[in-house]
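Notes for the one structure printed next.
Computed over heavy atoms, backbone and side chain alike; hydrogens, waters and symmetry mates excluded. Just so it is clear, the model here is predicted, and its values are computed rather than measured. Chain identifiers are assigned alphabetically (A, B, ...) following the order of the sequence lines, protein sequences preceding nucleic acid strands; residue numbering begins at 1 within each chain.
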There are 2 protein chains.
Amino acid sequence: MTLADTAYYALRRDIITGALAPGLPLRMAMLCERYGMGMSPLREALNRLQAERLVDAISLKGFRVAPLSLAELADTTQARILIETEALRLSIAKGGDAWETGIVGALHALSLQSQRGEGAGEALEQRHHAFHLALIAACDSRWLLGFFEKLYAESERYRTQSLTAQRAAHGRDIDAEHRAMAEATLARDSDRAVALLAEHYRRTEDFVVAHFQPAASARRA
Amino acid sequence: MTLADTAYYALRRDIITGALAPGLPLRMAMLCERYGMGMSPLREALNRLQAERLVDAISLKGFRVAPLSLAELADTTQARILIETEALRLSIAKGGDAWETGIVGALHALSLQSQRGEGAGEALEQRHHAFHLALIAACDSRWLLGFFEKLYAESERYRTQSLTAQRAAHGRDIDAEHRAMAEATLARDSDRAVALLAEHYRRTEDFVVAHFQPAASARRA
DNA sequence: AAGCCGGTGATTTTCGAAAATCCCCCTTGC
DNA sequence: GCAAGGGGGATTTTCGAAAATCACCGGCTT
């Protein structure tokens with residue numbers, strides 16, 4: 001893996017987790033120090049992230065972490081439901097044994113980690129992503145899967161801004177929602193699976209809206 | 001505008017028009033010569049294009065123009081219909097006078113250029129893009145508009161591969177299709193507008209499939 | 001006192017060379 | 001004859017400095 005790839009993944013993670021706050025100006029000198037490399041690989045990584053809308057670039061004024069806003073969150077959720085419900089329908093129509101197996105496995109791994117409690121945030125997030133990917137993995141569309149990844153990353157940024165996503169549990173059993181989705185999907189009940197998925201995302205949006213800290217977004221810079 | 005931006009737009013155009021053939025390896029020395037700049041801005045442009053799937057990058061082996069295939073074309077068309085039909089429905093629901101005005105104007109400009117005949121390929125393409133954008137301009141979703149741009153670019157690559165897109169006219173009146181779409185849209189008849197749009201894209205796909213020259217894709221390199 | 005102009009320092013952008021890596025072909029050994 | 005190993009050249013990747021641009025501040029004019 002090249003340094004540019006390393007920089008890309010590191011920056012991506014730091015932006016999604018919020019280690020680099022929304023709106024933060026990304027000065028080259030600071031980034032060189034932080035990631036221990038020259039500016040060439042960093043600039044390449046930033047250009048990729050710009051195309052994914054995780055950073056903004058302004059000509060001759062450099063880069064900054066893309067800011068967050070509730071209006072953008074609504075758009076993201078809406079797009080996400082559109083993409084993933086279609087991908088889920090396609091998967092249900094086309095998926096075979098390997099796909100079903102992947103869902104069952106991902107759900108189990110997610111459930112284990114989720115009961116394990118507070119400490120394991122990083123792994124929990126990874127398994128949550130793996131589960132949602134498993135659901136739509138058989139859709140057989142590079143475009144839909146690519147859009148899914150971008151939208152998932154953007155959604156995750158909002159979730160981490162909401163009180164460190166501490167147990168979204170407020171009157172909500174997320175494990176049960178995941179189980180219900182998996183069940184409807186494996187039963188090849190497209191309409192029910194799609195409805196559950198959309199509802200899942202709408203609730204997540206509501207939770208984020210309720211706990212969103214606009215202060216977390218740095219000023220325009 | 002920075003050199004990197006210049007390189008980005010120039011490369012993007014050359015890839016979409018086919019001036020840089022699908023599959024062609026993009027050697028830095030060749031690109032420096034062709035675009036008259038050093039490699040830093042070129043590499044930044046290539047990284048952006050990679051995120052848009054117009055070029056492939058393989059670690060330590062450089063970049064190449066993303067290859068085309070009929071399987072990918074089917075996926076692109078399917079994704080395009082999903083995105084644009086939703087964006088069209090939203091636009092019809094939300095659009096105001098400015099939006100309607102934009103459609104009428106874009107349709108007129110397109111029609112003028114299209115009757116003007118063979119010579120004006122570049123301008124025709126630009127107006128064709130402007131028309132399709134005008135239809136969905138009121139959807140008020142950055143994500144959907146962004147996806148539209150990527151999918152449009154990819155579709156355009158296939159169209160230019162098909163016999164220089166010479167008058168797709170084979171038993172087809174494209175102007176009439178555009179007029180019908182605009183009419184249904186302005187009448188706020190979502191279902192009919194969406195059906196016409198989807199049919200428009202399916203026919204374009206069929207035309208491309210019929211005239212596609214697989215030889216045009218350079219070998220794996 | 002308010003507004004405009006110019007200079008200085010900070011920052012981004014770009015270049016060209018150095019370092020690292022890969023590809024191809026030739027040699028060598030079995 | 002064929003596979004494995006190695007060397008030379010081509011290519012990508014990375015660095016650090018130079019060039020270009022911007023932002024801020026103080027002074028000057030009105």
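Atoms CD1 (Ile58(B)) and P (dC23(C)) sit 9 Å apart, rounded to a whole Å. Atom-to-atom, CD of Glu44(A) to C1' of dT13(D) comes out at 8 Å; the value is rounded to the nearest Å. Taking atom CE of residue Met39(B) and atom P of nucleotide dT13(C), one finds them 19 Å apart after rounding to whole Å. As rounded to whole Å, 14 Å separates atom P of dT13(C) from atom CE of Met37(B). In this structure, Leu46(A) places its CG atom 10 Å from P of dT12(C), rounding to the nearest Å. The nearest whole Å value for the distance from the OH atom in Tyr35(B) to the P atom in dT14(C) is 16 Å. Counting to the nearest Å, the P atom of dA17(C) and the CE atom of Met28(B) are 15 Å from each other. Rounded to a whole Å, the CG atom of Leu31(A) is 9 Å from the P atom of dT12(C).
Counting non-hydrogen atoms under 4.0 angstrom, Ser40(A) reaches a base of the nucleic acid. Residue Leu26(A) is classed as a sugar-phosphate contact, given heavy-atom separations below 4.0 Å to backbone atoms only.
Between the CG atom in Leu11(A) and the CG atom in Leu54(A) there is a gap of 10.0 Å [rounded to 0.5 Å]. Atom OH of Tyr8(A) is separated from atom CG of Leu49(A) by 6.0 Å, given to the nearest 0.5 angstrom.
Between Glu154(A) and Arg53(A), no side-chain nitrogen of the basic residue sits less than 4.0 Å from a carboxylate oxygen of the acidic one, so the salt-bridge criterion is not met.
If you find the closest nucleotide of DNA chain D to Gly36(A) and to Arg27(B), the one lying nearer the 5' end belongs to Arg27(B).
Partner of Val65(B) under the side chain to side chain contact (heavy atoms under 4.5 Å, CB included) criterion, chosen from Val55(B), Asp14(B), Leu26(B): Leu26(B).
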* How far apart are the C-alpha atoms of Tyr158(B) and His211(B), what are their side-chain angles, what is the distance that settles it, and do they pass the side chain to side chain donor-acceptor pair (under 3.5 Å) test? -> CA-CA 10 Å; Tyr158(B) 285 93; His211(B) 297 74; over 6 Å; no

* To do: Could you give me the CA-CA distance, side-chain angles and deciding distance for Glu149(A) and His129(A), then say whether side chain to side chain donor-acceptor pair (under 3.5 Å) is met?
  => CA-CA 9 Å; Glu149(A) 292 295 350; His129(A) 173 262; 2.8 Å; yes

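A donor-acceptor contact closer than 3.5 angstrom links the side chains of Tyr201(B) and Glu84(B).
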Within the sub-3.5 Å range, which N or O atoms of nucleotides 21-24 of chain D have a protein N or O partner, and how far apart are they?
{"unit_1": "dA23(D)", "atom_1": "OP1", "unit_2": "Lys61(A)", "atom_2": "NZ", "d": "3.4"}

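Contact annotation: Arg43(B) side-chain N/O to dT13(D) OP1/OP2 distance is under 4.0 Å.
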